[in-house]
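To start, the structure itself, in structure tokens.
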Amino acid sequence: MSVKNCVRAIVILFFIVNNLFSQNKFENYQFRLVDKEASKSGIYTISQDQLGFMWMGTNGAGLYKYDGVNYIAYEQNSKLKNSINSNLIYATYVDTRNRLWIGTDEGLCLYNRNLDNFESIDIQKKIKKETVISIKSIIEDNNGNLMLGTVNNGLLKLNTTTREITKVHSDVPNNSNYLINSLAKDKKGTIYLGTNLGLKIFDPIKNETKKVDIDNDSRIHSASIVSMCLDSNQNLWIGDGFKGLIKVDLHSKVKQAFFYPITKKGLCQFWQRIPKQFFVLPKMMV
């Protein structure tokens, strides 16, 4: 999907989702397209670091840094030892130490600001896997570890100091098609997993993930979750690949899910701008 269509989709669905919460009018904004080269591929992920730089990961054109005026492209280059390891970027994440981590179809990279290059973290070797481990999602826990959502390898925990990796036990069989597409953390530090097999929660004491019980609603258990966001009231908002927008009330003893059929195309990504306002990006807008 082109960046032009992404912007159009965000603007259109902003009006719809905003009306779920309030009658605030849409303020005046200026939109500009990203660099033409980046526009050739869809943008999977956007993060902003503590210096104000925007980092955009694409589905084939590498990583882009935007400083408000100019774009700098980072692409995989087999001739350069410390280039990014792939042009297919699934996740970008800035941790509490302002380090930029990049999840790709070829694994995990750490950006070196001083040298303006990348360190590739050899996850495959550390957990003794023969196949490449693709990283779909990244989040930091309250102890400074990185939680890594993978393709068919479950949830991994990376100690960023020792680089030791621990595999988290899962209730999903090893031979299953299991995608951890999104990770979210609430104010208490509880980490939720948005997967193609529904919503799950990480138990750090038992080092395992398990299904979240939501009012016996089979729709949420079968949902193919592609994105998640916690609002200021600690409600969990879920972008479902097939059913649209879902809100889960995490406060009640019996968790409840509320479904908002704002689109039939499924939701790829969304962001909370201010309380009660979201920008939402559907799968396709033409």
Side-chain angles (χ1 to χ4, degrees), residues 44-45 47 49 55 57-63 65 73-183 185 191 193-197 200 202-209:
Y44 274 161
T45 175
S47 298
D49 65 25
W55 297 89
T58 73
N59 67 350
L63 180 71
K65 179 172 73 173
Y74 298 91
E75 296 181 335
Q76 195 278 332
N77 187 335
S78 58
K79 296 181 180 180
L80 298 178
K81 181 180 178 180
N82 295 108
S83 72
I84 196 166
N85 65 8
S86 174
N87 288 331
L88 178 53
I89 314 295
Y90 288 132
T92 54
Y93 184 79
V94 179
D95 67 16
T96 53
R97 295 172 58 185
N98 202 34
R99 295 175 297 184
L100 175 68
W101 301 86
I102 304 100
T104 78
D105 66 323
E106 293 290 331
L108 181 69
C109 286
L110 172 62
Y111 176 61
N112 187 320
R113 294 182 186 275
N114 295 326
L115 300 178
D116 194 31
N117 61 22
F118 300 86
E119 175 191 354
S120 184
I121 311 298
D122 195 348
I123 298 175
Q124 181 179 339
K125 181 178 180 180
K126 290 179 182 296
I127 65 170
K128 300 177 181 180
K129 277 282 186 177
E130 295 182 358
T131 56
V132 172
I133 298 175
S134 301
I135 304 299
K136 290 279 286 182
S137 51
I138 306 170
I139 203 165
E140 187 176 12
D141 69 12
N142 283 358
N143 295 317
N145 301 302
L146 279 190
M147 307 304 297
L148 308 173
T150 72
V151 175
N152 295 330
N153 282 282
L155 185 66
L156 306 176
K157 180 168 68 174
L158 170 67
N159 183 313
T160 58
T161 302
T162 65
R163 300 297 169 86
E164 178 184 357
I165 293 179
T166 304
K167 187 171 176 60
V168 175
H169 301 297
S170 174
D171 58 345
V172 177
N174 291 331
N175 59 350
S176 300
N177 179 30
Y178 184 36
L179 310 178
I180 304 178
N181 296 313
S182 182
L183 295 167
K185 183 177 72 171
I191 293 176
L193 292 69
T195 82
N196 64 319
L197 302 178
K200 299 182 181 296
F202 170 55
D203 183 339
I205 304 300
K206 296 182 179 180
N207 189 44
E208 67 179 16
T209 61

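These numbers were taken from a predicted model, which means no experiment stands behind them. In this chain, numbering begins with 1 at the start of the sequence shown. Computed from heavy atoms alone, side chains included, the values below leave out hydrogens, waters and symmetry copies.
- Here Arg99 contributes atom CZ and Thr96 contributes atom OG1; the two are 7.0 Å apart, rounded to the nearest 0.5 Å.
- Contact annotation: the side chain of Tyr44 never approaches that of Ile89 to less than 4.5 Å [non-hydrogen atoms, C-beta and beyond].
- Checking side-chain atoms of Tyr74 against main-chain N and O of Lys65 turns up no donor-acceptor pair under 3.5 Å.
- Here CG of Asn152 is found 6.0 Å from CG of Leu179. Values are rounded to the nearest 0.5 Å.
- Considering all non-hydrogen atoms of both residues, Val94 and Ser47 come closest at CG2-CB, 4.3 Å.
- Among all heavy-atom pairs drawn from Gly154 and Lys167, the shortest one is N-NZ, 4.1 Å.
- Under the 4.0 Å criterion applied to side-chain N and carboxylate O atoms, Arg163 and Glu119 are assigned as salt-bridge partners.
- The backbone N or O of Gln76 lies less than 3.5 Å from a partner atom in the side chain of Asn87, making a donor-acceptor pair.
- Between the side chains of Tyr111 and Asp116, at least one donor N or O sits under 3.5 Å from an acceptor N or O.
- When all heavy atoms of Ile84 and Phe118 are compared, the pair lying nearest together is N-CD1, 3.6 Å.
- Atom-to-atom distance recorded for Asn145:CG and Thr161:OG1 is 8.0 Å, nearest 0.5 angstrom.
- In plain terms, the two heavy atoms of Ser86 and Leu88 that are nearest each other are OG-N, 3.0 Å.
- Here Asp141 does not pair with Lys157 in a salt bridge; the nearest charged N to carboxylate O distance is not below 4.0 Å.
- Nearest approach of Glu106 to Asn85, heavy atoms of both residues: O-ND2, 3.5 Å.
- Between the Asp95 side chain and the Arg97 main chain, a donor and an acceptor come within less than 3.5 Å of each other.
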Query - Evaluation steps, side-chain contact (heavy atoms from CB on, under 4.5 Å), between Asn196 and Tyr178 - result: CA-CA 6 Å; Asn196 64 319; Tyr178 184 36; 3.9 Å; yes
Requested in this report: Take Leu115 and Asn82 through the test side-chain contact (heavy atoms from CB on, under 4.5 Å) and record every step on the way to the result.
Outcome: CA-CA 10 Å; Leu115 300 178; Asn82 295 108; over 6 Å; no
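- Just one residue in the list Ile123, Asp105, Thr104, Ile102 forms a side-chain contact (heavy atoms from CB on, under 4.5 Å) with Ile135, and that residue is Ile123.
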Report task. Go through Asp171 and Lys200 one step at a time and tell me if the side-chain contact (heavy atoms from CB on, under 4.5 Å) criterion holds. Result -> CA-CA 10 Å; Asp171 58 345; Lys200 299 182 181 296; 3.3 Å; yes
Requested in this report: Begin with the C-alpha distance, continue with both residues' side-chain angles, and end with the deciding distance and a verdict on side-chain contact (heavy atoms from CB on, under 4.5 Å) for Leu158 and Leu108.
Outcome: CA-CA 11 Å; Leu158 170 67; Leu108 181 69; 3.7 Å; yes
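- Residues Asp49 and Leu100 form no side-chain contact, since every pair of their non-hydrogen atoms from C-beta on lies 4.5 Å or further apart.
- If you check the side chains of Lys81 and Asn117, you find no donor sitting under 3.5 Å from an acceptor.
- Summarising the geometry of Asn98 relative to Arg113, their closest heavy-atom pair is O-NH2, 3.0 Å, with the distance given to 0.1 Å.
- With hydrogens and angles ignored, the 3.5 Å screen pairs a side-chain donor or acceptor of Ser137 with a backbone N or O of Ile180.
- Interatomic distance, Ile127 CD1 to Asp122 CG, rounded to the nearest 0.5 Å: 10.0 Å.
- In this structure, Leu183 and Phe202 have side chains that are not in contact, with every pair of non-hydrogen atoms separated by 4.5 Å or more.
- The line from CG of Asn153 to NZ of Lys136 is 13.5 Å long, rounded to the nearest 0.5 Å.
- Within the model, atoms CD1 of Ile121 and CD1 of Ile133 stand 13.0 Å from one another, a figure rounded to the nearest 0.5 Å.
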